[in-house]
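Single-structure report; data block below.
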Amino acid sequence: MKEISKGLILPRSETADEFHIVLKMPIGYNIGIAAEKIRDVKIFGRKEAHYKIPEKDFPYDPKKPNVKLLGTGGTIASRLDYRTGAVIPAFSPGELYGSVPELADICNLDTEKLYGVFSENMGPEQWIGLAEAIGREIEKGVQGIVIGHGTDTMHHTAAILSFMVQDSPVPIVMVGSQRSSDRPSSDAALNLIHSVTTAAISDIAEVMVCMFGPTSDMYGLLHRGTRVRKMHSSYRSTFRTIGDIPIATVSRDKVTPIRDDYKRRRFDNDVKVNAVFDDRVAIVYYYPNMKPDMIDSLIDNGYKGIVIAGTGLGHVNKPLYPALKRAKEKGVAVYMTVQTLWGYVQMYVYDTGEI
Ligand code: ASP
């Protein structure tokens, strides 16, 4: 079948293969086309790519709180990448001020690009580096920390930091964006304004995720780091607190708590950073007819812990029982959670819960 596609051919990014071209369609979406399927190309014009983000000096006001933005990567860290294929971090204070001038009304912002990775590439090295950087900044006396992160695994990092950074005196706010800032529907600027506002003025000294609340841009939600999850691949309002309510809502100039049991801001620089991580723990998503060799291979490969996401109240099929028994005997810690996401494990309601 002959198909005609019209659009802008984007420069190929460093990591893309040479078998495809990427075309930006007039509606704004990009499509990939296998190069070998292209029969003919008609050129109607050329466009030059401008990679530079306008920089403006971020003003300093001694009366405003000092906030540190630590960048790890993800869509929020990239401007123009969907259009040009190049990932351009907008991270110096000048670049951020050039893109979102409202930030200067809130605080004095200092930035540091720790990493430049999409969030599927976050791992122990980055989590430990991030926790240590947070500790350093708190000891230096910042009033709040914002962490720019890809949204896909932001909830993993939020949970990890909640354990690695204990008793923070200041807010630690993770933020990302579902749509890059070159798109008209981008959530990058508003999420940044909300997260920087939270870091600067809120009295919630916890690790939080700050992203769109409703589908509109009315307010953002602040989710507790151990309770939050990405729930939609493309909605901007994708983050939800699971099995509980969020800590607060945030608008352009106000943070409104919706619960009272959060840790309050303190005016000291004391924080405990315990940046350790054991990666010999696996999460196993149970599916009907799962074979015991999945569990056996984890035991044989020296895993120390297995978390099973079981069906319903926390179940797996009978053929897995001997392998789970063996895991227990070998000293592997085996835990059950539910794949329903809402609700709790209750393994003893049915006798299948006991091994
Ligand atoms: N794949 C990206 C990431 O998680 C998506 C995003 O930034 O939202 O790094």
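Note that the structure is predicted; figures quoted are calculated from it, not measured.
- Of the possible donor and acceptor atoms, one in the side chain of S92 sits under 3.5 Å from a partner among the backbone N and O of E95.
- A 6.0 Å sphere centred on OH of Y335 holds no more than 12 heavy atoms belonging to other residues, nucleotides or ligands.
- Between D296 and K291, no side-chain nitrogen of the basic residue sits less than 4.0 Å from a carboxylate oxygen of the acidic one, so the salt-bridge criterion is not met.
- With salt bridges taken as basic N to acidic carboxylate O contacts below 4.0 Å, one links E137 and K68.
- Side-chain contact check for R252 versus E102: some heavy-atom pair is nearer than 4.5 Å.
- Inspection of the H149 and S119 side chains reveals no N or O donor paired with an N or O acceptor under 3.5 Å.
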Assess the residue pair M347 and M336 against the criterion (side chain to side chain contact (heavy atoms under 4.5 Å, CB included)); give the C-alpha distance rounded to whole Å, side-chain angles, the decisive distance to 0.1 Å, and a yes or no.
CA-CA 9 Å; M347 285 159 64; M336 180 65 82; 3.5 Å; yes
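- How far CG of N317 is from CE of M290: 8.5 Å, rounded to the nearest 0.5 Å.
- Remark: R264 qualifies as a cation-pi partner of Y262 under the 6.0 Å distance and 45° angle criteria applied to the six-membered ring.
- Taking the side chain as every heavy atom from C-beta outward, L96 and K56 never approach each other to under 4.5 Å.
- With contacts defined as side-chain heavy-atom distances shorter than 4.5 Å, the pair I172/E206 does not qualify.
- A side-chain donor-acceptor contact under 3.5 Å links R259 to the backbone of I245.
- At a threshold of 4.5 Å between non-hydrogen side-chain atoms, the residues R229 and F239 do not count as touching.
- In this structure a side-chain-to-backbone donor-acceptor pair under 3.5 Å is present from S195 to L192.
- A donor atom on one side chain and an acceptor atom on the other are found under 3.5 Å apart for S185 and R179.
- The distance from the CG atom of L221 to the CD1 atom of I247 is 10.5 Å, given to the nearest 0.5 Å.
- No donor-acceptor distance shorter than 3.5 angstrom exists from the side chain of Q346 to the backbone of L313, with no hydrogens or angles considered.
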For the pair Q143 and K64, evaluate side chain to side chain donor-acceptor pair (under 3.5 Å) and give the outcome as yes or no after the intermediate values.
CA-CA 10 Å; Q143 273 90 47; K64 292 210 161 77; over 6 Å; no
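- Residues Q339 and T311 have side chains in contact (heavy-atom distance under 4.5 Å, counting atoms from C-beta outward).
- Note: K272 NZ to I138 CD1 = 11.5 Å, rounded to the nearest 0.5 Å.
- I160 CD1 to T226 OG1: the interatomic distance, rounded to the nearest 0.5 Å, is 12.5 Å.
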Test side chain to side chain contact (heavy atoms under 4.5 Å, CB included) on N191 and F212; report intermediate values, then the result.
CA-CA 7 Å; N191 286 343; F212 257 51; 3.3 Å; yes
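- The side-chain tip of K6 points at the ring of F44 from less than 6.0 angstrom away and within 45° of straight on.
- K330 places a side-chain heavy atom less than 4.5 Å from the side chain of I299.
- In this structure, E36 places its CD atom where only 12 or fewer heavy-atom neighbours from other residues, nucleotides or ligands lie under 6.0 Å away.
- Summarising the local packing, CZ of F163 is surrounded by 12 or fewer heavy atoms from other residues, nucleotides or ligands at distances under 6.0 Å.
- Looking only at distances, no side-chain donor or acceptor of D57 sits under 3.5 Å from a matching main-chain atom of P59.
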Go through I145 and V67 one step at a time and tell me if the side chain to side chain contact (heavy atoms under 4.5 Å, CB included) criterion holds.
CA-CA 6 Å; I145 291 181; V67 171; over 6 Å; no
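- A donor-acceptor contact shorter than 3.5 Å is absent between the side chain of T197 and the backbone of D253.
- Side-chain polar atoms of K230 and T151 form a donor-acceptor pair below 3.5 angstrom.
- The pair R266-D268 counts as a salt bridge, with a side-chain nitrogen and a carboxylate oxygen less than 4.0 angstrom apart.
- Residue-environment remark: CD (E120) exceeds the threshold of 12 foreign heavy atoms within 6.0 Å.
- Listed for the S202 side chain is no donor-acceptor partner under 3.5 Å among the backbone atoms of A199.
- Distance alone, capped at 3.5 Å, is enough to place a donor-acceptor pair between the R280 side chain and the N301 backbone.
- Put simply, the side chain of F58 does not reach to within 4.5 Å of the side chain of D110, judged on heavy atoms.
- R236 contributes atom CZ, which lies 10.0 Å from atom CD of Q178 (distance to the nearest 0.5 angstrom).
- In terms of modelled atom types and a separation under 3.5 Å, the side chain of Q126 and the main chain of G123 share a donor-acceptor contact.
- How far CG of L114 is from CD of E132: 10.5 Å, rounded to the nearest 0.5 Å.
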Are L324 and V316 close enough, and set up right, to give a side chain to side chain contact (heavy atoms under 4.5 Å, CB included), and what steps lead you there?
CA-CA 10 Å; L324 292 172; V316 294; 3.8 Å; yes
